[in-house]
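Each remark here refers to the structure printed beneath this line.
It should be emphasised that the depicted structure is a prediction, and the values quoted were computed from it without experimental measurement. FYI, the numbering just counts along the sequence from 1.
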Amino acid sequence: MARLAVLVAVLLCASVRAVLYTTPEQIHLALGGSPSELVATWSTFNATDSVVEYGTTSLSMRATGSSSVFVDGGSLHRSQYIHRVTMTGLQAGQRYMYHVGSDVEWSALFFFTALRSDAAWSPRFALYGDMGNVNAQSLPRLQSETQQGAYDAIVHVGDFAYDLDSDNAQVGDEFMRQIESIAAYLPYMTCVGNHEYAYNFSNYKARFSMPGGDGQGMFYSFDLGPVHFVAVSTEFYFFLEYGLAQVQRQFKWLENDLEMANKNRAERPWIVTFGHRPMYCSNNDHNDCTRSESIVRLGIPFLGLYGMEKLFYDHGVDLMFWAHEHSYERMWPLYDRKVYNGSTKAPYTNPGAPVHIITGSAGNRERHDGFVKNPQPWSAFRNSDYGYTRMQVFNSSHLHLEQVSDDKGGQVVDAMWLIKDKHGPYPARSAGQGVASKPAENEAAR
């Protein structure tokens, strides 16, 4: 009897000392099925309800969702509850406050501005890839600009945390806490990169909530302002141990999505894609984009199937964003390794091919990638500073890009206008029109 009493006392003491992890953390937003919907995603380490309270002047609206248990594939098999709740009926232009959690515990208060669903406005974006937990140099500037209302959405072009699964996913948890100061205030749209490959990209699939597509954020599309955005997984081509079927499914989906987007170009004239590994680059490593037979560009080796470049060209994609290379590079309008400038004086006015931008210099533990000394004629400008890209789509014909150098205190080190009087499949024309007569400009190229 005495032993039983001691055992009960020990168990009671242990239960008192147990830590309850119900605090919502790693909060981030993404677009839902339309800009009038936002999906809030967050984590807790114990089970709770999934609730968002929100409103314009008070927390008078309430939305509920669900959670799922995510178990990391590392040796500790750490688990967490990932919650998803959709806020609906948001009124464009209204500023909302919100918090997430449950009646057990709530997060701090955040805010966002609801986006317009129509095409007749000029959305502003920050775009970058390859941001890590360590050496995320661009993050403080992005935090400040985001909270001052400089952007309507963020696009993260693959490679998170370095890596989401590292140290039994504790690096991923800390990275998601780091970006909360951006991602809790506006839609944080993503695509997958090679650093997310572990356990069949399970950390990426579990942590982010992208709309439509394959339902796992590996490929999907959304409309914002006059732009139809398309997110793709370049990683399907490099991790075939997870199956060739994923390449096939994405390609079929892309054909259908781009066909529908072209039918809707009167309303959403711009088509902008983003994927992690670029088709072209002039870096001095041995990545896919340094090869003339790029797998992303031309498809599965020896089979020549599912290459993206011809598909994007045939459907008149206007602009492609990439990352992977830890640098910034702007190309001349380009298809099949040939330049199709609009003219010598105005290369980006009515060009004959898509424009490629590499924006992978946000900052991570691997630091910079260098450049070859003599790039190919299709390379227009290169920069190795830490930084990110800004984009504003002004209307159906004018789109502006600029590259921000964090090394230079926020200075814009490159800028261009992409001007198109007509959108759609590119007309047949001779290559080489307006090709630059000088090598690519280099600033801080290492």
Side-chain angles (χ1 to χ4, degrees), residues 20-32 35 37-56 58-70 72 78-88 90 94-115 126 131-133 136 139-140 142-156 160-161 164 169-190 196 203-211 217:
L20 190 64
Y21 293 100
T22 57
T23 304
E25 61 172 61
Q26 308 176 40
I27 301 158
H28 52 287
L29 300 176
L31 291 172
E37 298 179 357
L38 282 179
V39 178
T41 306
W42 70 94
S43 291
T44 60
F45 291 93
N46 285 109
T48 70
D49 290 337
S50 306
V51 183
V52 177
E53 293 182 335
Y54 61 106
T56 55
S58 65
L59 301 175
S60 58
M61 305 171 74
R62 184 178 176 98
T64 59
S66 62
S67 66
S68 57
V69 179
F70 169 62
D72 174 60
R78 293 177 65 248
S79 64
Q80 60 186 279
Y81 293 82
I82 298 183
H83 304 257
R84 291 177 171 84
V85 175
T86 301
M87 293 175 277
T88 61
L90 302 173
Q94 290 290 320
R95 183 182 171 96
Y96 288 82
M97 65 181 79
Y98 78 100
H99 64 190
V100 308
S102 70
D103 291 333
V104 174
E105 191 167 359
W106 295 100
S107 72
L109 199 64
F110 298 96
F111 58 84
F112 63 84
T113 299
L115 302 177
M131 179 182 282
N133 162 247
L139 186 59
L142 285 162
Q143 290 168 333
S144 176
E145 291 178 348
T146 296
Q147 294 182 21
Q148 292 179 62
Y151 307 114
D152 298 299
I154 299 288
V155 176
H156 190 140
F160 306 80
L164 290 173
Q170 292 184 91
V171 172
D173 290 339
E174 183 56 30
F175 177 78
M176 298 303 293
R177 296 180 192 112
Q178 284 176 278
I179 66 168
E180 183 182 88
S181 56
I182 298 173
Y185 295 91
L186 81 181
Y188 198 89
M189 310 308 289
T190 63
E196 287 72 70
N203 267 271
Y204 171 82
K205 292 174 181 176
R207 293 174 185 272
F208 294 101
S209 308
M210 298 298 113

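Taking the six-membered ring where the residue is Trp, Y204 and F160 present tilted rings, their angle falling between 30° and 60°.
Judged by distance alone, with hydrogens and angles left aside, the side-chain atoms of N133 form no donor-acceptor pair with the main-chain N or O of A161 at under 3.5 Å. Distance alone, capped at 3.5 Å, places no donor-acceptor pair between the Q80 side chain and the F45 backbone. The backbone N or O of T86 lies less than 3.5 Å from no partner atom in the side chain of E37, so there is not a single donor-acceptor pair. The backbone N or O of F208 lies less than 3.5 Å from a partner atom in the side chain of R84, making a donor-acceptor pair. E196 places no side-chain N or O within 3.5 Å of a backbone atom of N203 that could act as its donor or acceptor partner. E180 contributes a side-chain N or O that, together with a main-chain N or O of I27, makes up a donor-acceptor pair within less than 3.5 Å.
Of the inter-residue distances, the one linking S68 atom OG with Y81 atom OH reads 10.5 Å to the nearest 0.5 angstrom. Going from atom CE of M97 over to atom CE of M61 covers 12.5 Å, rounded to the nearest 0.5 Å. Separation of atoms OG (S181) and CG (L139) is listed at 5.5 Å; rounding is to 0.5 Å. Atom CZ in R95 sits 11.5 Å away from atom OG1 in T56 (nearest 0.5 Å). In this structure, the separation between CG on L38 and CG on L29 is 5.5 Å, given to the nearest 0.5 Å. The distance from atom CD1 of I182 to atom OG of S144, rounded to the nearest 0.5 Å, is 10.5 Å.
Across all non-hydrogen atoms, the minimal contact from P24 to W42 is CB-CD1, 3.6 Å. Of all heavy-atom pairs spanning M131 and A136, the tightest one is CG-CB, 3.8 Å. Nearest heavy-atom pair, F70 versus A206, reported as atom, atom and distance to 0.1 Å: CD1-CB, 3.5 Å. Of all heavy-atom pairs spanning R78 and D173, the tightest one is NH2-OD2, 2.9 Å. Considering every non-hydrogen atom in both P211 and G32, the closest pair reads CB-O, 3.3 Å.
Counting heavy atoms from C-beta on, the side chains of T48 and E105 never come closer than 4.5 Å. Looking only at side-chain heavy atoms (C-beta outward), S67 and T44 stay at 4.5 Å or farther from each other. Two residues are said to be in side-chain contact when any heavy atoms from C-beta on lie closer than 4.5 Å; L59 and L109 meet this criterion. Proximity of L115 to D152: side-chain heavy atoms (C-beta onward) are separated by under 4.5 Å at one or more points. Side-chain contact check for I154 versus I179: every heavy-atom pair is 4.5 Å or farther apart. In this structure the side chain of V100 never reaches within 4.5 angstrom of the side chain of H83, judged on heavy atoms. Counting heavy atoms from C-beta on, the side chains of V85 and V51 never come closer than 4.5 Å.
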Take R177 and E174 through the test salt bridge (Lys or Arg N to Asp or Glu O under 4.0 Å) and record every step on the way to the result.
-> CA-CA 5 Å; R177 296 180 192 112; E174 183 56 30; 3.0 Å; yes

Check step by step if side chain to side chain contact (heavy atoms under 4.5 Å, CB included) holds for L186 and T146.
-> CA-CA 8 Å; L186 81 181; T146 296; 3.6 Å; yes

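With F112 as the fixed residue, the ring-ring contact (aromatic ring centres under 6.0 Å, His included) test singles out one of Y96, Y188, Y54: Y96.
For F111 and Y185, the ring centers are positioned less than 6.0 Å apart.
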